[in-house]
Amino acid sequence: MSSYKSDFVKTVFERGFVQDCSNIDALDTLANRTILTAYIGFDCTAPSLHAGSLLPIMLLRWLQKTGHQPIVLMGGGTTKVGDPSGKDKSRQLLSLENINENMLGIRNIFSKYLTFGNAPTDAIMVNNAEWLDNLNYIDFLRNYGRHFTINRMLKFDSVKLRLDREQPLSFLEFNYMILQAYDFLELARRYNCQMQMGGSDQWGNIINGVELGRRVDQTSLFGLTSPLLTSASGAKMGKTADGAIWLDNSSSHSDFQTSAYEFWQYWRNTEDRDVGRFLRLFTELPLEEIVKLETLAGAELNEAKKVLATNVTAMCHGQLAADEAALTAQHTFEAGGASLNLKTYQLPLSDLESGIKAIEILFLTGMAKSRGEARKLIKGGGCRVNDVIVENEVQIVKSEDINNDGVIKLSAGKKRHMLIRPI
């Protein structure tokens with residue numbers, strides 16, 4: 001049994017969210033007697049967030065569910081600099097227009113997971129450009145730069161790893177950790193924010209903020225980090241061979257959206273060794289139920305994966321979309337059908353009447369990133385039309401292949417399917 005008293009600290013430990021905490025006993029005491037305000041920052045580097053961002057989002061959600069106030073800090077200012085953490089090269093500098101456009105796309109995601117409003121535990125969203133854009137450089141250096149030593153900054157992972165690999169680190173990026181520390185100080189002053197949370201690669205930056213608050217305002221602040229998540233086989237969270245798994249299915253940029261079905265399938269394909277861990281981190285199922293699910297073995301473990309997929313998808317896309325995705329998968333995989341809920345690609349009927357090579361359809365639909373990849377897929381027996389293997393790369397897909405539902409089912413491997421709809 002956990003010895004912690006506060007619901008928040010007990011929950012995040014029991015469910016596996018914690019890697020490090022600056023003063024866990026003091027934090028537990030504070031969270032047990034008052035409403036704790038804590039934040040996580042999200043830079044605006046893309047028009048959406050992918051599944052790799054789901055762990056910090058769930059951490060904010062549990063903070064709110066256990067009676068505390070989350071702050072979502074949008075990095076309208078820090079995105080102009082670029083976080084060097086975990087990168088061998090500088091991030092591409094985005095225009096102010098791109099940053100603002102990305103911010104608009106990202107903002108909508110959080111309303112799925114957090115309750116915003118004016119109540120004491122309602123979430124708030126803040127943009128750090130509010131204070132970073134107006135800093136006077138000389139005054140900032142005199143007031144805050146003197147609290148940071150180059151000696152110590154060189155030891156932080158975000159800097160050290162880049163230098164150890166003999167990759168250049170610009171002075172612009174070197175400033176990022178100071179700006180992040182200043183964010184924490186500003187949030188403490190404006191919103192009485194007492195804690196910053198983030199991935200374990202942010203530990204040094206977070207501790208900088210804790211110490212800056214103590215030195216400048218004599219304020220007790222806390223830092224808490226979560227493990228950087230990979231699958232049991234070492235795959236990066238939220239990434240697949242086909243690209244990122246986005247938390248948005250309606251982005252104005254098609255490259256940054258993932259359908260509810262594809263999202264469900266991603267979680268359904270969780271590795272066996274990850275099922276229990278992912279159920280704890282990404283669902284709100286009671287721990288007793290999770291223990292039962294993770295002890296299933298063999299084919300029965302697939303049922304636990306479906307529970308995981310449906311629960312995660314329901315939170316992101318709604319219960320109806322999650323249930324439809326589960327039914328689509330059942331029809332597609334278990335009944336061998338071609339569910340109409342699959343992703344659809346429209347193709348002129350005239351093209352099908354004259355016939356089009358399967359290799360071209362794989363490339364046109366994006367099921368293969370190149371014709372070379374499509375050729376390799378076909379040679380390996382991995383391409384199927386209406387569940388029938390395509391025998392060779394010159395095989396033609398034609399209008400006669402349109403089934404009774406008015407579509408052609410195209411499959412690449414065992415897990416990727418698409419419908420070709422004539423127009």
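Since this is a predicted model, take the numbers as computed values, not measurements.
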Charged N to carboxylate O under 4.0 angstrom, K80 versus D133?
yes
Charged N to carboxylate O under 4.0 angstrom, R277 versus E294?
no
Heavy-atom closest contact (T121 atom, G67 atom, distance)
CG2-O, 3.4 Å
Start with the C-alpha gap between F222 and V210, add the side-chain angles, then the distance that decides, and say whether side chain to side chain contact (heavy atoms under 4.5 Å, CB included) holds.
CA-CA 6 Å; F222 299 90; V210 171; 5.7 Å; no
Is the shortest side-chain N to carboxylate O distance from E271 to K305 below 4.0 Å?
no
N-O pairing of R190 and E186 below 4.0 Å:
yes
Around atom CD of Q218, are there more than 12 heavy atoms of other residues, nucleotides or ligands at under 6.0 Å?
yes
Does the ring center of F42 lie less than 6.0 Å from the ring center of F110?
yes
Minimum heavy-atom separation for Q64 to A123, with atom names?
NE2-N, 3.3 Å
Side-chain ion pair, E373 and K376, N-O less than 4.0 Å:
no
What heavy-atom pair brings A181 and F148 nearest, and what distance separates the two atoms?
CB-CZ, 3.7 Å
Between the side chains of N205 and Q202, does any donor sit under 3.5 Å from an acceptor?
yes
For A31, give me all partners under side-chain contact (heavy atoms from CB on, under 4.5 Å), at least two apart in sequence or on another chain.
S6, L36, H68
Are E262 and S259 close enough that a side-chain donor and a side-chain acceptor fall under 3.5 Å?
yes
With a 6.0 Å cut-off on the ring centroids, do F140 and Y182 count as close?
yes
Would you give me the side-chain donor-acceptor pairs under 3.5 Å for residues 50-62, sequence neighbours excluded?
from : atom 1 : to   : atom 2 : distance (Å)
H50  : ND1    : G52  : N      : 2.8
R61  : NE     : E284 : OE2    : 2.3
R61  : NH1    : Y113 : O      : 2.8
R61  : NH2    : E284 : OE1    : 3.4
R61  : NH2    : E284 : OE2    : 3.1

Which atom names give the shortest non-hydrogen contact between L377 and A412, and what distance separates them?
CD2-CB, 3.5 Å
Any chance the side chains of W267 and T313 put a donor and an acceptor closer than 3.5 Å?
no
Side-chain donor-acceptor pair under 3.5 Å between D43 and Y176, yes or no?
yes
Contact summary for Q69 and T37, nearest pair of heavy atoms:
OE1-OG1, 3.1 Å
